[in-house]
Amino acid sequence: MLQIDRWKRILIIGICLLGLAYAMPNLFYKRVEAHNDAVAAIEKTGVTTPELVEARDGWPGWLPNGLVNLGLDLRGGAHLLGEVQVDQVYKARMDSLWPELRRALADERATIGAVRRVASPEGTLKIEIGTPEQLARAVEIVRGFSEPVTTLTGAGQTSLAIDAQGKALTISLSDAEKSLTDDRTIQQSLEIIRRRVDEVGTREPTIMRQGEDRILIQVPGIGSAAELKALIGTTAKLTFNAVIGTGSDPDARVGIGEIVLPASDREGVFYTIDETPVVTGEELTDAMPSTDQNGMPSVDFRFNPTGARKFGAYTSANVGQPFAIVLDNQVISAPVIRQAITTGSGQISGSMDYEEATRLAVLLRAGALPAELTFLEERTVGPELGQDSIDAGQIAATVGFVAVIVLMVLSYGLLGVFAAVALAVNMGMIFGVLSMIGATLTLPGIAGIVLTIGMAVDANVLVFERIREELRTARGPARAIELGYEKAMSAIIDANITTLIIAAILFVLGSGPVKGFAVTLTIGIVTSVFTALYVTRLMTITWFERARPRQIEV
Amino acid sequence: MAFRLKLVPQDTRIDFFRWQFVTFGISSAMAILSVVVLVIYGLNFGIDFRGGTTIRTESTQPVDVGVYRQALSPLGLGEVAITQVYDPGFRADQHVAQVRISAQEGAESVTPETVAAVEAALKTVDPAVSFPSVESVGPKVSGELIQTAIYAVLASLIAISIYIWLRFEWQFAAGAIVSLLHDVLITMGVFALFQIRFDLTTIAALLTIVGYSINDTVVVFDRLRENLMKFKKRALREVMNLSVNETLSRTVMTSGTTLVALIALLVLGGDVIRGFVFAITFGIVIGTYSSIYVAKNVVLWLGVKRDWSKKDRSDDGSPFSGAEAP
């Protein structure tokens, strides 16, 4: 018979109300957003100001406060896809291994002869020894530096790969160690980028790993992408190195372990420096913008105890010599050591303006990226364009919605009205689910919603057309309605599952806006089947029970 | 009788196979023509697929494409495309253009210097200009995006044919795939012919078309399956005609509501997603056509099992199964 159990009715109405309740905050977007921000700010800082309290009380705390996240194409902001140059870490590891190795091998000079490093591809370390017959002994010494690596795939691997041929040893990181190092490099980069973005204080940035060696950074609401890129694209690798010579030839011949770097403030000046730093930026504890004795912008910094000790020892041994402050392979200044610096603090001055000094201080505080970041993809959208898109989408959705309703009511009369109500509930539920799961609405996502408006009535159309057909067999309206729903079911299920398959593929393979489209399409399919089958059915049956019409017109 | 809008008369007895060689011939010709157009003109790939930068400019001054081009030519950027953008939603003093620069030779990633230089050059000819959106994609990523797009289209076709094969028969799956290929090819052909920008969202649109078209096809197939069980003795062609006629009203109605919503979006939704919406709108028209005129023709030619097992029938649960109702 044509009926629905009481508990089912309550369940259907309950689900609708729940969906609408979760959708409701979106009608008061600005106010709820201010409320959420205020709550977060109070929780984070523990400070309550009258403004924060006012913003917080603008929306009752017991009401749902989830909002649909607006994608970057709607809110405006910057999207960057960076690739971490993990290979650079291999090189740094090899370069820092060399001094230790040299010392260890030099201790055995009696057996293996003189040791020297010869040129080799980046990320490898090639050493020649004086007595080739004793190569096995040298390998043994090097192996002492190789640590066991534990990976998921198997134990027994060590961190160094050693290749011995003739009188030369070529050392590089083993594959297992490389993959571990890569992982660590990405994690560190993520952490440091997060710290840097947080220092700027924009809301809800997305910073996540993507694939093997990529990092996706999305910062909504940021005006200038160039500034963001300057902030996260800078390695900020600060080192203090011994200066060997100064010249004007960028291709000057240098010894192994030495490097020629340009001066950042003077064109055509090049320093030859020792590649192994005395102290690095990792040993800084603090950095802040200030001014030097000439009133020019500068950055004050302080070393941690080990850094301070190393720096003190080096400066006391090299009074009268210049040393170079190197930032990202540029010498920003090369002062002469006038006296030993044992206080553990210092100052970087060079040609920079206040803004640059502030940024440098932020970068030094957040720490250096373990490796350089190159940008593969960059998209920025201004907030005005995003707002224009929202407005246009709203108008289009409203017009489309009204047009579909008119078409449905004209075609199916009262049942069309039921379908229209179901469609409105459907819209509400889409927003409710989007808010509940914290999904992101993008511009193609809006198109997905409009498409859903058009397609959502499909299930209803299938049912209504079926009812029309069944009415002709003259078994009475109740039976026709029941059969209509029953028989249309298999077509509805098949049709929607195929669309779900498509949405799933879009979700898995798409990114950003396309993913947003897949999300709204998926939610739209599920809610529209629910509203079309259960909500209209409930309305139809309730009406039928009340009115008890002898015949119905569809 | 209250007024009812009937897009399709109540009882239609259209013989959809009457001109089947003409309609299928036209479909085949269109599909082949699309391939030819695709080969000759090629697709107007956006930066998603070939790398490069697009800069959207907005100004209160009218845009003079020639002046823009002149301002940019000293920069030696290679291929630069400048198009003015129109939209009914723009304010009277809102003039928008799109500048597209192809990926710079030898650059693996995005070059911010290029973007800065272009912005500075445009500022000199029009101080009022602003840049509401700048998008750059490096050649490395664009290569991967092409791959992903191809996988996505193939995966959807395969997944759908498997589903149809499981739910129906392999002949139905074949019919569905032929009609989907038809829709996708012709839509791509139109994009090539009019050189509409083809980017990642267009792929999403293509997949949506696949989804919609299969939706339509499945509804017809579903009715066909039901009728095949009902009318065991009738010729396949007759049963097909009956099924399409019975579902015709629904097909037209659903296409109607979807098109109405999409046309609203096409006209009012702004220029940013117009290409995307156009692809879907066009695809829905072609998808509706193909579910009536392409999919089932293939099934007819392949023939279909008429002897549905008992088990299948009980799934249907209809008291009318087997009855020769009108």
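A quick note: this is a predicted structure, and the numbers were derived from the prediction, not measured. Here is how names work: the chains are called A, B, and so on, in the same order as the sequence lines, proteins then strands, and each is numbered from 1.
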Is any side-chain heavy atom of [X] less than 4.5 Å from a side-chain heavy atom of [Y]?
X: A:Leu443; Y: B:Phe276; result: no
X: A:Val457; Y: B:Thr254; result: no
X: A:Arg379; Y: B:Val137; result: yes

Around B:Phe90, counting heavy atoms of other residues, nucleotides and ligands shown, do more than 12 lie under 6.0 Å from its CZ?
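Yes, CZ of B:Phe90 has more than 12 neighbouring heavy atoms, counting only those of other groups under 6.0 Å.
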
State the [atom1]-[atom2] distance between [X] and [Y], to the nearest 0.5 angstrom.
X: A:Glu377; Y: B:Glu135; atom1: CD; atom2: CD; value: 8.5 Å
X: B:Thr53; Y: A:Glu378; atom1: OG1; atom2: CD; value: 8.0 Å
X: A:Leu462; Y: B:Ser249; atom1: CG; atom2: OG; value: 10.0 Å
X: B:Ile214; Y: A:Ile497; atom1: CD1; atom2: CD1; value: 13.0 Å
X: B:Leu157; Y: A:Ile501; atom1: CG; atom2: CD1; value: 11.5 Å
X: A:Asp494; Y: B:Arg225; atom1: CG; atom2: CZ; value: 6.0 Å

Exercise: identify the closest heavy-atom pair between [X] and [Y]:
X: B:Met253; Y: A:Leu407; value: CE-O, 3.7 Å
X: A:Ile505; Y: B:Leu207; value: CG2-CD1, 4.4 Å
X: B:Ala264; Y: A:Gly400; value: CB-N, 3.8 Å
X: A:Pro444; Y: B:Thr201; value: CG-CG2, 4.1 Å
X: A:Val514; Y: B:Ala204; value: CG1-CB, 3.9 Å

Give the member of [options] that has the highest number of heavy-atom pairs under 4.5 Å with chain A.
options: B:Val218, B:Asn215, B:Thr251; answer: B:Asn215
options: B:Gly270, B:Gly269, B:Ser255; answer: B:Gly269
options: B:Ile203, B:Ile273, B:Val260; answer: B:Ile273

Looking at [options], which has the largest count of heavy-atom pairs under 4.5 Å with chain B?
options: A:Asp458, A:Val508, A:Asp388, A:Leu385; result: A:Asp458
options: A:Val450, A:Asn496, A:Val406; result: A:Val450
options: A:Gly413, A:Ala503, A:Gly82, A:Ala488; result: A:Gly413
options: A:Ile453, A:Leu506, A:Thr499, A:Ile395; result: A:Leu506
options: A:Leu521, A:Ile502, A:Thr398; result: A:Ile502
options: A:Gly382, A:Ala495, A:Gly76; result: A:Ala495

Where does [X] contact chain B at under 4.5 Å (heavy atoms): side chain, backbone, both or neither?
X: A:Phe464; value: neither
X: A:Ile492; value: neither
X: A:Met489; value: neither

Under a 3.5 Å distance rule, please check whether B:Thr257 uses its side chain to pair with a backbone N or O of A:Val404 as donor and acceptor.
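No; zero donor-acceptor contacts below 3.5 Å.
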
Given the rule in the salt bridge (Lys or Arg N to Asp or Glu O under 4.0 Å) test, do B:Glu226 and A:Arg466 qualify, once you have shown the distances and angles that lead to the verdict?
CA-CA 13 Å; B:Glu226 189 185 324; A:Arg466 198 71 204 215; 2.6 Å; yes

Given that the side chain runs from C-beta out, which part of [X] has a heavy atom under 4.5 Å from chain A: side chain, backbone, both or neither?
X: B:Ile280; answer: side chain
X: B:Glu144; answer: side chain
X: B:Ile284; answer: side chain
X: B:Gln147; answer: neither

Pair A:Glu384-B:Glu58, side-chain contact (heavy atoms from CB on, under 4.5 Å): steps then yes or no
CA-CA 11 Å; A:Glu384 296 84 16; B:Glu58 195 178 313; over 6 Å; no

Between A:Arg472 and B:Glu246 (salt bridge meaning N to carboxylate O under 4.0 Å), is one present in this structure?
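Judged by the 4.0 Å cut-off on N to carboxylate O distance, A:Arg472 and B:Glu246 do not form a salt bridge.
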
Do NZ/NE/NH1/NH2 and the carboxylate oxygens of B:Arg223 and A:Glu469 come within less than 4.0 Å?
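A:Glu469 and B:Arg223: salt-bridged.
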
